[in-house]
Student: 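I am attaching a structure below and will ask some questions about it afterwards.
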Amino acid sequence: MSVSDARLFPPGYGPVSVSSDYRPMDRDKPFLAAWRVAREHTLVDQLRLFELWQLVSQLDGVPGDLLEVGVWRGGSAAIIGAALARRGERDRILYLADTFTGVVKAGARDPYYRGGEHGDTDLETVRDFLHNAGLSDFRLLRGVFPEETGNDVAADALSFCHIDVDVYQSAHDVFFWAWPRLSTGGVVVFDDYGFYGCEGVTEFVNTLRRRRDCLVVANVNGHALVIRTQ
Ligand SMILES: C[S@@+](CC[C@H](N)C(=O)[O-])C[C@H]1O[C@@H](n2cnc3c(N)ncnc32)[C@H](O)[C@@H]1O
């Protein structure tokens with residue numbers, strides 16, 4: 001970190017760069033096709049989208065539907081949906097929940113967010129975007145999750161949950177709604193982990209390391225994975 005960078009970040013934060021060279025995403029034509037459709041509709045970078053793609057591609061033996069909370073303009077949902085469609089199954093639903101009026105539940109643990117950020121989207125546009133992307137096995141839910149739309153998730157079990165909600169309390173509430181429904185071997189992916197401005201999400205995920213029913217994997221790439229082990 002340079003001296004000028006050090007002035008920009010508080011202790012414990014600074015630029016993180018990846019120094020590996022392996023780029024499997026460049027040779028994965030179905031992923032690249034999905035990414036070209038999704039990239040103008042997402043705040044999530046290609047590395048994290050590829051991680052979502054690979055995880056959904058590995059759900060063999062893990063029963064249950066899929067849930068994303070934090071859809072915004074539908075880009076990460078399009079990647080998850082395309083990976084799901086490629087599995088060739090007809091029995092898994094992708095539930096996509098957002099307020100469509102922006103971030104909620106910002107609090108004292110969230111130094112950047114105040115509420116209402118990322119409200120520049122709407123459900124109808126996202127629905128049309130996903131249909132145009134060739135997806136059909138999804139349900140869009142409008143409202144605060146889980147309080148207003150959790151009951152609309154008709155899933156007996158979940159295999160995968162993507163939580164991209166920016167702040168502590170929403171991350172907490174979504175996780176504790178999803179976790180009892182998550183199959184063994186299922187995964188919760190937290191976006192926002194480690195981002196300066198999303199300290200609340202990082203703080204919440206770090207509390208999960210105490211649990212005995214999961215493995216927390218956070219490679220400081222902006223994602224934390226919580227894998228159900230029992
Ligand atoms: C950073 S954006 C999501 C980005 C998106 N995944 C993408 O591909 O770019 C965060 C979204 O979370 C939504 N959100 C935050 N807390 C929520 C909650 N408790 N229930 C529903 N939506 C929520 C906001 O409305 C916002 O659209």
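One-based numbering, in listed order, for ligands and for the atoms of each.
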Student: Can you confirm whether the side chains of W72 and D164 place a donor and an acceptor under 3.5 Å from each other?
Tutor: no
Student: If only side-chain N and O atoms count, and only distance matters, is there a donor-acceptor pair under 3.5 Å linking R87 with Q58?
Tutor: no
Student: Counting heavy atoms only, name the option from V104, D45, T99, T121 that's nearest to atom 22 (N) of ligand 1.
Tutor: T99
Student: Would T101 count as a polar contact of ligand 1, with the cut-off being nitrogen or oxygen pairs under 3.5 Å?
Tutor: no
Student: Starting from atom 26 (C) of ligand 1, locate the nearest protein heavy atom and write down its residue, its atom name and how far away it is, to 0.1 Å.
Tutor: D98 OD2, 3.5 Å
Student: Would H162 count as a polar contact of ligand 1, with the cut-off being nitrogen or oxygen pairs under 3.5 Å?
Tutor: no
Student: List every atom of ligand 1 that sits less than 4.0 Å from any heavy atom of L43, numbering the atoms from 1 in the order shown and giving each element.
Tutor: 1 (C), 7 (C), 9 (O)
Student: For the residue pair R181 and W179, would you count it as a cation-pi contact if the rule is NZ or CZ under 6.0 angstrom from the ring centre and within 45 degrees of the ring axis?
Tutor: no
Student: Give me the residue, atom name and distance of the protein heavy atom closest to atom 8 (O) of ligand 1.
Tutor: T42 OG1, 2.7 Å
Student: In this structure, are over 12 heavy atoms from other groups packed under 6.0 Å from N151 atom CG?
Tutor: no
Student: N/O to N/O below 3.5 Å, does that happen between H41 and ligand 1?
Tutor: no
Student: Pull out every atom of ligand 1 sitting under 4.0 Å from any heavy atom of V103, numbered as shown with elements.
Tutor: 24 (C), 25 (O)
Student: Are R92 and E89 close enough for a salt bridge, meaning some N to O gap below 4.0 Å?
Tutor: yes
Student: Can you tell me the protein heavy atom closest to atom 1 (C) of ligand 1 and the distance?
Tutor: D166 OD2, 3.3 Å
Student: Closer than 4.0 Å to some heavy atom of G143 - which atoms of ligand 1 meet that?
Tutor: 20 (N), 21 (C)
Student: Give a yes or no on whether R86 atom CZ has more than 12 heavy-atom contacts from other residues, nucleotides or ligands under 6.0 Å away.
Tutor: no
Student: Can you name the atoms of ligand 1, numbered from 1 with element, that are less than 4.0 Å from a heavy atom of W72?
Tutor: 2 (S), 3 (C), 4 (C), 5 (C), 9 (O), 27 (O)
Student: Could D173 and K105 be called an ion pair, given the rule that one side-chain N must be under 4.0 Å from one carboxylate O?
Tutor: yes
Student: Using distance alone, decide if ligand 1 has a nitrogen or oxygen within less than 3.5 Å of any nitrogen or oxygen in G70.
Tutor: yes
Student: Considering both backbone and side-chain atoms of F145, is one of its nitrogen or oxygen atoms within less than 3.5 Å of a nitrogen or oxygen in ligand 1?
Tutor: yes
Student: Any chance the side chains of D122 and T125 put a donor and an acceptor closer than 3.5 Å?
Tutor: yes
Student: Without placing hydrogens or testing angles, list every side-chain donor-acceptor pair under 3.5 Å for residues 27-41, not counting sequence neighbours.
Tutor:
from : atom 1 : to  : atom 2 : distance (Å)
D28  : OD1    : F31 : N      : 3.1
D28  : OD2    : W53 : NE1    : 3.2

Student: Taking the ring of F9 and the ring of Y196, is the distance between their centroids below 6.0 Å?
Tutor: yes
Student: Counting each atom of ligand 1 from 1 as listed, which ones have a heavy atom of S170 under 4.0 Å away?
Tutor: 16 (N), 17 (C), 18 (C), 19 (N)
Student: Provide, to 0.1 Å, the distance between atom 14 (N) of ligand 1 and the closest protein heavy atom, together with that atom's residue and name.
Tutor: V165 CG1, 4.1 Å
Student: Please say whether E117 places an N or O atom under 3.5 Å from an N or O atom belonging to ligand 1.
Tutor: no
Student: Hey, can you tell me if F204 and Y168 have their rings parallel, tilted or perpendicular (30° and 60° cut-offs)?
Tutor: perpendicular
Student: Are any of the N/O atoms on G74, whether in the backbone or the side chain, positioned under 3.5 angstrom from an N/O atom of ligand 1?
Tutor: no
Student: Give a yes or no on whether the ring-centroid distance for Y193 and H223 is below 6.0 angstrom.
Tutor: no
Student: Taking 4.0 angstrom as the limit and counting only heavy atoms of V144, give me the atoms of ligand 1 inside it, by number and element.
Tutor: 19 (N), 20 (N)
Student: Which residue and non-hydrogen atom of the protein lie closest to atom 4 (C) of ligand 1, and at what distance in Å?
Tutor: D164 OD2, 3.2 Å
